[in-house]
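Notes for the one structure printed next.
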Amino acid sequence: MAKKETKYIFVVGGVMSSVGKGIAASSIGKILQSRGYAIANLKADMYVNLDAGTIRPAEHGEVFVGEDGVEADQDLGNYERFTNQISTRENYVTTGQIYAEVIRRERNLEYEGEDVEVYPDIPKEIIRRIEVCQKKSEAEIMVIEYGGTVGEYQLLPFLEAARMMKSKKHADVFVVLISYLPTPALLGEQKSKPTQHAVTDLYSVGLNPDFVICRSERPATDDIKRTISNVCSLPIERIISAPDIYSIYDVPVNFEKENFGAILLKTMGLPTRKKDLADWTALAAKIKTINKEVKIGIVGKYFNFKSCKDTYISVIESINHASWGLNHKPNVIWLDSEKYEKDRSKLKELQDLDGIIVPGGFGKRGTEGMILAANYARENKIPYFGLCLGMQIMTISYARNVLGLSDANSTEMDSDTKNPVIATMADQVEKIKNKNYGATMRLGAYPCLLKDGSVAALAYGKKSISERHRHRYEVNNAYIEPLEKAGFVFSGSSPDGRLMEIAELSKNEHPFYLGTQFHPEFKSRPLTPHPLFYAFVKACISKKK
Ligand code: GLN
């Protein structure tokens, strides 16, 4: 029998950004996977950065870290949460990577004396990257999400790549346009004109949509669907309504209500197969019925009017998963740590919370406020969970307030501190000196062994774990002994015992006071909450009682 050809679905945005392209691409992956297909999601970002690692979080959102240490766009986190497929660097492409590879090859004479052109060499490299991802993942269907919106200059080589693929493999390449239907308050009705323009933009680069997903506050009306189907010369069933929903986890369920999975497969010429989305659908339904609340504060610093949700997306989703697992509805409160530096009396507000999280972060700004919050949580028995920087913060706070080393600090915040309880990792010293910052942190998955009977070991229910990292600083081993003598417990370490990975206070000392040098938030899934988030939220719920 002939080998089945891989299908490629390009997900592109029209009209405007931030309408949930990533969730739509994840959901397409999810519904196809639920019908028994091997899928892979790939994200292509338009920026020249080689990866997301050097982009400010408040600017671009969370940097998602893969098992292999790739520092990627947050959408890879959505893909993992929806499809439970592990993303690696093959799943993430940027303009910078494409150019870097083409230039590398040119320097190696691999173009054999030809001149190297933006067209066709850049789109060809984009296609090669898509194929590399397909080979590695052995996907039968690839879902390729393009950042940005059609009509943008920097998207052109990527759209051209899709067109070139389509011209060769006409029956295997499909385009899904995620568009937006505004409802001007003045009119109170949905308008399709911006979507029509987005379709025209696609036509102008030689592509036509095979599906249009209509994002809007309300479901797309039949009239609107008909108009769009007319403009695109598509059957009306290929115009998919995607109204605002209660939670992102409703999106695959909603797609299936529109029969999207079956129509998509039929369009691709593949058997529709029976779907298995029952657990997922049950969770999405359950979320809406939960009303007991648990109130969790995030004491961080990457806040601005639009992006705190994006900046801490994996942390928030992990809180969600654990809370739902415990039949509670999370109420996440944003707390800017800098306010505690200006006015310590504000710390009292932490009393109203069921627990606090100090998430990851870089640089000195705001850290004194976090240290104050960590100390307040310890003294007042408020559940505390520190993620990477948050673990370093609780260590500094303990050294200052319990060991009495009032000038204890991290060398990241004060390179001359007399008590560097958190110090630069040995292999980072040269890198920092040479300003060699891109993709040079301790990145990706590393194993960790847990201390018997510790809070961490009880939460995980096993002794050996693996978690993802992204840091340059670590607990200074010279302080382990004094800290442990004073009651601080290092309950997780690298197998050689040299790197402290988890710190905690015993259950007798505190209901939950634990920090991890790694980022557990990258591995939580809606149906399988992360064990540490679960234990933390459980402690928060107990405090409430
Ligand atoms: N800035 C700290 C470090 O580099 C913590 C990093 C983080 O929170 N991801 O070690």
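Counting starts at 1 for both ligands and their atoms, in listed order. Here, residue 1 is the first one in the sequence, and each next residue gets the next number.
Within the 4.0 Å heavy-atom criterion, neither part of Glu474 lies near ligand 1.
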Can I get a per-line list of side-chain donor-acceptor pairs under 3.5 Å for residues 357-367, giving both atom names and the distance, sequence neighbours left out?
from, atom 1, to, atom 2, distance (Å)
Arg365, NH1, Glu338, OE1, 2.9
Arg365, NH2, Lys301, O, 3.2
Thr367, OG1, Lys364, O, 2.6

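Close approach to Gly360 involves these atoms of ligand 1, each under 4.0 Å from a residue heavy atom: 8 (O). Every atom of ligand 1 is numbered from 1 in the order shown, and the set under 4.0 Å from a heavy atom of His519 is 7 (C), 9 (N). Annotation for ligand 1: atoms under 4.0 Å from non-hydrogen atoms of Arg470 are 6 (C), 7 (C), 9 (N).
Tyr384 has its ring centre no less than 6.0 Å from the ring centre of His510. The distance between the ring centers of Phe385 and Phe533 falls below 6.0 angstrom.
Taking distance alone, with nitrogen or oxygen atoms compared against 3.5 Å, Arg472 approaches ligand 1 more closely than that limit. Looking at ligand 1, you'll find an N or O of Leu389 within less than 3.5 Å of one of its N or O atoms. On a distance-only criterion, His471 and ligand 1 share no N/O pair closer than 3.5 Å. At a 3.5 angstrom cut-off on N or O pairs, Gly361 counts as close to ligand 1.
The protein non-hydrogen atom at the shortest distance from atom 2 (C) of ligand 1 is Glu412 OE1, 3.2 Å. Of the protein's non-hydrogen atoms, Cys388 SG, 3.0 Å is the one closest to atom 7 (C) of ligand 1.
Other residues, nucleotides and ligands contribute only 12 or fewer heavy atoms inside 6.0 Å of the CZ atom of Arg107. Counting heavy atoms of neighbouring residues, nucleotides and ligands inside a 6.0 Å radius, atom CZ of Arg344 does not exceed 12 of them. Within a 6.0 Å sphere centred on CD of Gln351, other residues, nucleotides and ligands contribute more than 12 heavy atoms.
Minimum heavy-atom separation, Ile39 to Gly29: CG1-O, 3.8 Å.
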